[in-house]
Amino acid sequence: MLKRSFILFLFFCSSLDLYSQGVRDILPDSVSLVEELKNHAYIPNLSYRIQVLGEELPESQQVIDSTFLWTRNERGYLSPDFENGAQLESLVSEIPENSVELQFYVFGEKSSIDGVYRFLETLVDTGDFVYAQNQKSTDRDLVLIANRYHYQPIEAYKNLLLSDNQLFGVTLINVFFVLAAVSMIIFMLIFKKRRNQREEQIKDFENEIIGPLTSLLFEKSVDQINEMSKAEADAIFQDGIIQRKLFKIVLIDKIIGLNKKMKGDFKDKLKLLYQKFGLIEITRQNLEHRKWEKIARGLVQVNEMDLKMLLPLVKEHVNSSNFHVRSLAGATLLNIAEKVDLNFLRDQNYPLSDWQQMHYLRIIKYIAPSKSLQISKLFGSTNQSVREFGFKLVRMLGRVDLIQELHEINEKVSLEERVELIKTYDSLGAHMEVDFINSCMKSNHPELKKEAIKCAGNLGNEESEDIIILLITENPEFKIRKILLNSLLKLNPARFEQFVSDFPMEENLKIKAHLFDPVLSHV
Amino acid sequence: MKKILIIEDDLLISSLVQFRLKKDGYETVLVKDGNEGIEAIDAENPDLIITDVMMPFRSGIEIIHHAKKVLPDVPIIVLSSLGEEEEVVLEAFNLGVVDFIPKPFNPNELAIRVKRVLR
Amino acid sequence: MYNFLFYFLIEVFGIFFMILSFSVIIVYLLIMILSALEMRDFLKKNKFADYQDIITSPIAPGVSILAPAFNEASNIVQNAKSLMSLHYGRFEVIIINDGSKDETLQKLIDAFELKKTDYAFEPEIETQAIRGIYKSPNKSYRRLIVVDKENGGKADALNAGINISQMELLACIDVDCILSSDSITRMVRPFMEETNKKVIAVGGAIGIANNCDVKDGTVTKYRAPESSLGRFQVVEYCRAFLMGRMAWSRINGLMLISGAFGFFKRDLVMAVGGYFPKTVGEDMELVVRMRRYMEEKKIPYKVSFIPDPLCWTEVPEDEDILSRQRNRWMRGTIETLQLHRKIGFNTRFGILGTISYPFWSIFEKFAPILELVGLLYTLVLVLIGDFSALYFMALLLMVFLLSMLVSSFSVLYEQIAFNNYKDKKDLKRLIWLILLEPFIIHPKVVLWGLRGHIDFIIGKGGWGKMIRTGFKTAEDRKNINSQSNTV
């Protein structure tokens with residue numbers, strides 16, 4: 001396309017060149033002049049007549065004589081005046097060359113060849129005459145070429161395709177698209193079928209598993225299962241089905257799913273069975289896999305089934321660059337290692353997301369009663385999010401014994417962390433921290449201020465009340481005012497009443513109504 | 001023979017419970033979601049209902065509502081995977097269930113509770 | 001001379017359309033690749049998520065669900081019930097009665113024993129007058145808050161809800177949507193996974209509920225809609241949500257979160273002044289403004305997208321309603337782009353300015369116009385018998401095939417990722433539609449888009465001038481009193 005327009009541009013330039021030349025330079029003789037004129041259906045103020053010499057009109061013209069109205073004169077026959085150059089071709093071609101004479105009329109006056117040249121030159125200058133060659137640039141167009149061969153369309157089409165690179169390119173892309181779309185649809189249908197088959201198969205396997213597994217769990221004791229050989233274990237299911245990979249995967253899912261929901265010796269039985277069925281091999285393969293999702297699956301299996309023998313493999317993943325692997329490996333270690341060590345958590349240097357915190361919290365909650373956790377280790381982390389998580393843990397595990405340790409870092413930590421500290425003191429009812437709370441109420445950190453005021457409502461003293469009154473008189477924004485009044489009400493209802501009646505502003509009254517609304521009170 | 005309706009979406013759990021209860025000589029009916037549960041309450045006329053809380057289509061709470069309306073005297077045991085979310089426990093007891101067993105659970109323990117309720 | 005100019009123009013147009021169609025191809029191929037990568041990662045990640053955990057974890061954020069209701073009396077009670085029974089720990093349901101003319105409010109009051117309260121608050125975002133805030137003394141309905149206000153449109157109603165809301169996250173939804181019970185747990189996950197980039201908003205995919213079996217608030221069986229307009233929207237849904245938004249989320253370039261189902265950080269929504277009620281594209285406008293705010297403050301952030309089928313809605317199968325919807329969408333897009341044209345092609349605004357904005361301008365806003373001009377152009381070529389006409393037919397065919405490719409690819413996605421349309425017959429019907437769509441439906445969509453342009457130009461709504469001037473900064477919105485009436 002670009003090439004085409006470039007050519008066109010060149011043409012444009014060369015045609016500019018044309019205009020600067022005289023008509024005579026371009027049409028040097030009368031033959032070329034006539035050839036040019038034949039291409040013009042109309043040139044203003046220029047017309048033609050044809051004089052046929054001789055007694056008789058040529059036969060070919062006699063036929064159309066009735067319409068064309070030749071007039072008889074002394075030299076032979078004279079045609080009427082006409083302006084369409086194209087007619088020259090049809091009229092003259094039939095008449096022998098030596099018996100015809102072409103006459104030019106400019107402004108109705110008979111003119112010589114020189115006169116015509118001069119006339120044309122003026123027209124060219126005014127732009128009213130454009131050389132026919134110029135208009136015929138579409139001659140180069142393949143469609144026109146194709147048109148000449150229109151009785152052979154197939155060949156023309158073939159020419160087009162091969163001679164035009166762009167069209168060829170587009171066609172190639174089209175073919176590619178068609179193929180891609182068709183193969184996609186075929187793939188989709190096959191895929192759907194396969195998947196439905198797989199789902200069917202999984203369902204079959206599940207049904208296959210439920211019966212034997214249920215009876216095994218109820219009828220055999222832990223010791224009996226422990227004494228089973230691999231062959232005996234395999235024989236529980238229909239002949240050889242356990243050798244199939246998909247079956248093993250379904251079995252793993254089922255055992256893990258059941259283990260989550262069972263209590264007591266059922267858990268031990270399931271864990272034993274997991275090993276007896278040789279499923280541990282699959283877990284090991286998962287852990288050593290290259291893809292992270294396989295590793296993650298392996299970690300989940302180790303975690304759920306307490307596969308302590310695979311711990312060395314788990315440790316390798318604690319510092320994985322993959323977020324999921326990293327946190328699952330950490331969680332697994334926490335869960336099943338004999339000695340729980342929070343060092344790995346303390347030393348993490350990426351921010352701890354809520355998602356990870358949720359996982360760690362669940363596990364730590366679960367193991368806290370049985371294992372000794374040194375949560376205070378986390379307070380010394382260089383990672384702010386880990387320190388904050390440490391404070392949250394104190395709160396969520398109710399570790400009142402750690403308040404003293406928190407107290408020592410009160411002033412050392414950043415304002416954001418103090419928010420967590422305040423929340424922790426609030427929920428643990430740490431009255432001894434009231435001075436710290438009071439100082440935080442005066443903070444410029446909006447979140448810290450808010451939490452401290454809330455907390456003061458539960459743990460505050462008289463000083464807190466004074467600070468509250470002071471803060472209200474500073475005319476705070478509405479939501480802070482609401483929290484302030486709420487805390488004051490909790491601390492000292494009498495002083496609250498006194499305050500509102502002293503300052504019966506609309507805002508205070510509205511807030512009072514809110515605080516005393518029975519329907520809202522439990523919000 | 002007493003008939004027990006078990007409404008539970010995890011087939012493995014329900015068949016485990018069923019297996020255990022059959023051993024004690026009860027007749028059991030298994031359904032796998034809330035909608036079937038409602039239908040079974042209407043059709044089966046059970047002596048005891050054991051239901052999960054979180055299930056496809058209908059929550060256990062809705063099922064309890066329905067059961068209390070249709071069969072006000074039939075005891076209900078709730079088997080919950082919610083952990084100890086107290087709101088649900090409270091609501092369930094409010095509605096008059098006799099027992100609330102959180103998962104993870106021990107099927108033997110469940111069997112003992114069933115025996116006590118049906119005695 | 002004129003003759004020459006004409007041909008020269010034809011050539012220039014030719015080059016223009018040529019470049020355009022090849023960029024369309026490249027862009028769509030890129031989108032296909034990006035979305036495939038994103039979908040793959042998403043599905044892998046999903047396997048290891050224990051969503052049950054989120055429900056009870058004290059670490060999980062609280063969620064305020066905001067559902068504006070206007071003349072919804074017939075279904076409002078059922079809708080409110082199903083919202084309240086979502087599986088999640090800490091959340092509240094705020095239903096905003098936007099001056100309904102029917103019994104919406106009364107039905108709620110009767111069903112949930114609501115009492116008018118003395119709820120004290122000061123509207124941080126200005127809205128139409130609040131007539132009352134209702135709550136129930138019955139503990140079973142403790143999650144429900146009903147706000148009754150003067151009519152002010154959806155954005156205004158949402159703003160009223162935002163003022164009342166208490167939780168860290170806002171979930172803005174259409175009240176008639178069907179939400180899957182685990183929708184909150186899944187949508188809060190990206191917020192919980194936030195590490196060094198602030199997650200400011202999460203969008204969800206909207207499924208099409210027409211002709212599906214719905215039982216007690218969950219879609220139990222998927223079926224392709226009966227009408228071709230309905231099926232077209234299913235394919236469109238696969239394209240828009242499973243492909244388009246996934247690809248955008250991969251490069252963090254999402255500009256639109258569907259108004260029917262989107263989660264936002266409350267403090268940030270407050271910081272930018274809430275929804276802008278004077279545009280018909282309030283959902284897109286808010287996301288763009290929030291992003292712009294983050295860019296202006298130079299805080300790293302992310303807008304996420306969850307393709308899980310969690311929310312379904314009935315889509316219009318009636319041509320009239322659909323045409324009005326598309327017209328509105330187009331106007332919303334134009335208005336948003338106008339309001340924020342400062343960010344367009346501006347490297348200061350990162351991906352938002354250099355990729356998302358230009359893409360939306362060219363491939364969404366101007367698409368119908370370009371298509372129309374392209375068609376006219378081809379027609380002219382045919383008329384003057386230029387060889388290029390043939391060539392353009394080939395190009396046209398190429399675009400058609402591309403659309404087919406993209407559509408079938410996105411349906412394939414649906415099949416791989418979720419496989420909701422299980423019936424083989426449905427799949428066949430969808431494929432059939434993919435083949436016909438460019439001829440029977442696409443022209444209409446183009447037409448509706450054009451009408452949107454026309455309506456924008458003749459200035460439906462009195463805020464046309466304001467919108468044309470645009471916001472100087474993201475916080476500019478707060479200086480505009482949304483209630484002042486300049487009409």
Side-chain angles (χ1 to χ4, degrees), chain A residues 1-2 4-5 8 12 15 127 130 135 137 141-143 146 160 164 166-167 170-171 173-174 177-178 180-181 184-185 187-189 191-192 195 292-293 296-297 300 324 328 350-351 353-355 357-359 361-362 392 396 477-479 482 507 510-511 513-514 516-520 522-523, chain C residues 1 3-4 7-8 11-12 14-15 18 25 44-45 47-48 50 53-54 57-61 115 117-122 124 135-137 139 142 166 189 191-196 385-391 394-395 397-398 401-402 404-405 408-409 411-412 415-416 419 422 424 427 431:
Chain A
M1 204 51 132
L2 214 68
R4 260 184 72 133
S5 73
L8 206 84
F12 175 64
S15 65
V130 179
Q135 292 179 332
S137 66
D141 217 314
L142 287 170
V143 163
L160 271 178
D164 192 305
Q166 293 150 4
L167 189 62
V170 174
T171 315
I173 294 177
N174 281 350
F177 277 3
V178 172
M184 184 107 60
I185 289 169
F187 171 74
M188 191 151 70
L189 292 172
F191 177 86
K192 200 172 168 66
R195 175 144 123 178
W292 74 263
E293 70 269 24
R297 188 173 299 164
V300 171
H324 303 279
L328 276 170
Y350 47 84
S353 69
D354 285 356
W355 188 259
Q357 293 186 20
M358 178 178 80
H359 274 290
L361 173 69
R362 186 182 60 148
K392 278 187 208 168
M396 286 156 184
E477 55 180 312
F478 188 86
K479 52 183 181 186
K482 195 166 159 185
E507 285 159 330
K510 261 165 86 179
I511 292 172
H514 179 123
F516 283 94
D517 190 318
V519 181
L520 292 172
H522 65 263
V523 178
Chain C
M1 242 349 237
N3 215 339
F4 166 74
Y7 276 93
F8 191 70
E11 285 296 316
V12 170
I15 295 166
M18 175 90 174
I25 291 175
K44 276 185 196 169
K45 237 169 70 176
K47 276 186 196 152
F48 306 105
D50 193 348
D53 234 21
I54 306 180
S57 180
I59 306 255
K115 296 271 177 308
T117 66
D118 291 319
Y119 199 104
F121 76 105
E122 204 178 63
E124 280 176 73
K135 275 191 68 85
S136 173
K139 265 202 123 182
R142 70 196 178 287
Q166 307 266 349
R189 175 174 184 176
F191 290 106
M192 294 188 70
E193 281 179 345
E194 159 187 302
T195 48
N196 35 26
D386 194 300
F387 146 72
S388 314
L390 191 70
Y391 183 69
L395 270 183
L397 181 70
M398 183 165 82
L401 289 173
L402 177 77
M404 212 172 89
L405 195 67
S408 45
F409 200 66
V411 172
L412 173 73
Q415 294 288 311
I416 293 178
N419 197 20
K422 285 207 167 59
K424 232 185 180 166
L427 188 60
I431 291 172

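Chain letters run A, B, ... following the sequence lines, proteins first and then strands; every chain starts at 1. Note that these values count all heavy atoms, side chains included, but never hydrogens, waters or copies made by symmetry.
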*asked:* What I want to find out is whether K479(A) reaches E124(C) closely enough, with some N-O distance under 4.0 Å, to be called a salt bridge.
replied: yes
*Can you label the angle between the F191(A) ring and the F187(A) ring as parallel, tilted or perpendicular, going by 30° and 60°?*
tilted
*Is K510(A) close enough and on-axis enough to F516(A), meaning under 6.0 Å and within 45°, for cation-pi?*
no
*What residue in E507(A), M396(A), R195(A) has the most heavy-atom pairs under 4.5 Å with chain C?*
R195(A)
*With no hydrogens and no angle check, is any side-chain donor or acceptor of K482(A) less than 3.5 Å from a backbone partner on A120(C)?*
yes
_Among K115(C), M404(C), E122(C), which residue has the highest count of heavy-atom pairs closer than 4.5 Å to chain A?_
E122(C)
*So which part of V12(C) gets closer than 4.5 Å to some heavy atom of chain A, the side chain, the backbone, both or neither?*
neither
*Does any heavy atom of chain A fall under 4.5 Å from the side chain of I431(C), the backbone, both, or neither of them?*
side chain
*When heavy-atom pairs shorter than 4.5 Å are enumerated against chain C, which of H359(A), Q357(A), R362(A) gives the highest number?*
R362(A)
*Which region of L402(C), side chain (C-beta onward) or backbone (N, CA, C, O), has a non-hydrogen atom less than 4.5 Å from a non-hydrogen atom of chain A, or is it both or neither?*
both
_I'd like to know if E193(C) and K45(C) make a salt bridge, using a cut-off of under 4.0 Å between side-chain N and carboxylate O._
yes
*Given the options T195(C), I25(C), I416(C), L397(C), which has more heavy-atom pairs under 4.5 Å with chain A than any of the others?*
I416(C)
_Which atoms of I54(C) are under 4.5 Å from chain A, going by heavy atoms: the side chain, the backbone, both sets, or neither?_
both
*E194(C) versus chain A, the contacting section by heavy-atom distance below 4.5 Å*: backbone
*Would you call the rings of W292(A) and H324(A) parallel, tilted or perpendicular, where under 30° means parallel and over 60° means perpendicular?*
parallel
*Can you find a pair of side-chain heavy atoms, one from I59(C) and one from W355(A), that are under 4.5 Å apart?*
no
_chain C contact via M358(A) - which portion, at a heavy-atom distance below 4.5 Å_ = both
